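All of these numbers come straight from a predicted model, not from anything done at the bench. Letters A, B, ... are given to chains in the order of the sequence lines, protein chains preceding strands, and every chain is numbered from 1.
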Amino acid sequence: MTAQRQTPQTFSTVQLLLLAVVAVGFAVAPQLIVKAPTEPTMGLVQRIFYFHVPCAWQTMIGAFLAGGASAMYLFRGSLRARQVAIASAELAVLFGLCVLLTGPLWARKAWGVWWQWDVRLTTTALLWIIFVAALFAERYGGPGGPRLSAGLMVFGAADVPMIYISVSLWRTIHPKTSVVPTLDPAMKLALWTSVLTFTLLFVVLMSLRLRVLRQEARLAELKMQADDVGLLDD
Amino acid sequence: MTWDFWMTDARTGAPLCGYQTMHNMQIRKRGSRVAVGLLLFFVGMGPVWADEAPAPGERGYRATAPTTAPTTAPPAATIAAPQPDKDGFVPESRPMNGPTVDESIPAGPLLATAYGFVWLAVLGYVVFCARGIRRVETELGELSDKLGKLGAKS
């Protein structure tokens, strides 16, 4: 008699708890955003800021993590570092896409155009393209793909400080980072709640993706063992 | 000297003889050097030019605060005009939650699209991860069972 195999659990207990906290955050944040005062110059569209800025933060965190983990993979050959790099890069691409979409929606109203080849916008678009290229290299690059991808991610991470200081170094039309301390207290509360919620979301998504990548590595190892004993022939 | 005939004219499609090919390649090489040089020059000069931009009141000065451009100013009698700072930036003096800009472009759909897209993207990624976990763990379970049975037989 064989033991009944358990149905695989999609989320671990910690992940479920974190997801619940994130759900609460996503329920509270919109209420705070609605209660926050309307910015008189831009009006309603300014409220895109409460999701745009946290997404931009997560993009930068993801890119930095991916760059650091890729450097570790390149110098030490650590498989775990490679998994962290892939998961972080995917999240940088996901949140980067949100930034690149919400930004133009705001700009259409505030600037009158969807896009400007401003330094902040251009460097952010470059970062996104570099990480998309890195993920493609990882998946379709063949045997040298992971190393090429890691190199690209290190290169992409170097773009992060450039994005951050671009508004201070060059004359750009993008609002400066110094605008945050001058916000109305109610606006600050809405912004920091969103930032916290998105950061927790980043942690949950990262742990989920890392679990998939770890299990995929284990599966590949088991498949090799099974192939050795001729189990996969039938 | 080797005569290579593999290159063709871009316009006519006719093969180019060795001399023409080399001549074209030299022009292209020179062109790419000029392009790289120009690129480096513009990148290097960017911050310098940014600092040299004309100050408010100088000839050629253009206001670069577009967020203030589409607004309709309230009557001058109601609010005292704020003074521009050294960069020419005029701070917003209207009260929060007061009268806002004329909504020539409706903001509602833009805002809804932005929030909707972020939620959809995140939800899509959660579904992608959850499906990945289920698929991999199911495969892992099946393979472990097979390997376990094989181990028990031997």
(message) Nearest 0.5 Å, please: how far is CZ in B/Phe117 from CG in A/Leu101?
(response) 5.0 Å
(request) List the steps, then state whether side-chain contact (heavy atoms from CB on, under 4.5 Å) holds for B/Tyr115 with A/Tyr50. (result) CA-CA 10 Å; B/Tyr115 277 60; A/Tyr50 301 109; 3.8 Å; yes
(request) State, to 0.1 Å, how close A/Ile48 and B/Leu110 come at their nearest heavy-atom pair, and which atoms those are. (result) CD1-O, 4.0 Å
(request) Hey, could you give me each pair passing side chain to side chain donor-acceptor pair (under 3.5 Å) that has a residue in residues 18-27 of chain A? Not counting sequence neighbours. (result) none
(request) Verify side-chain contact (heavy atoms from CB on, under 4.5 Å) between A/Lys223 and B/Glu139, making sure each step is shown before the conclusion. (result) CA-CA 10 Å; A/Lys223 273 186 176 168; B/Glu139 270 188 61; 3.2 Å; yes
(request) Would you mind reporting whether A/Gln215 and B/Arg135 have side-chain heavy atoms less than 4.5 Å apart? (result) no
(message) Quick check for you: to the nearest 0.5 Å, what is the distance between B/Thr113 atom OG1 and A/Arg108 atom CZ?
(response) 12.5 Å
(request) Measure distances from A/Leu210 to the heavy atoms of chain B and classify the residue's part below 4.5 Å as side chain, backbone, both or neither. (result) neither
(request) Answer yes when A/Arg211 and B/Glu137 have at least one side-chain N-carboxylate O distance shorter than 4.0 Å, and no when they do not. (result) yes
(message) The criterion is side-chain contact (heavy atoms from CB on, under 4.5 Å); which residues satisfy it with A/Ala85, sequence neighbours excluded?
(response) A/Ala69, A/Ser70, A/Met153
(message) On a heavy-atom basis, which atom in A/Ala226 and which in B/Leu143 lie closest, and how many Å separate them?
(response) CB-CD1, 4.1 Å
(request) State, to 0.1 Å, how close A/Leu208 and B/Cys129 come at their nearest heavy-atom pair, and which atoms those are. (result) CB-CB, 4.0 Å
(request) Just do the side-chain contact (heavy atoms from CB on, under 4.5 Å) check on A/Phe51 and B/Leu111 with the steps written out, would you? (result) CA-CA 10 Å; A/Phe51 267 28; B/Leu111 192 67; over 6 Å; no
(request) Under the side-chain contact (heavy atoms from CB on, under 4.5 Å) rule, what do A/Leu91 and B/Tyr125 come out as? Steps first, then yes or no, please. (result) CA-CA 9 Å; A/Leu91 289 173; B/Tyr125 194 73; 3.6 Å; yes
(message) Between B/Ala114, B/Gly124, B/Gly148, B/Ala121, who has the most heavy-atom pairs with chain A when the cutoff is under 4.5 Å?
(response) B/Ala114
(request) Mind listing the closest non-hydrogen atom pair of B/Val118 and A/Cys55 along with its distance? (result) CG1-SG, 4.2 Å
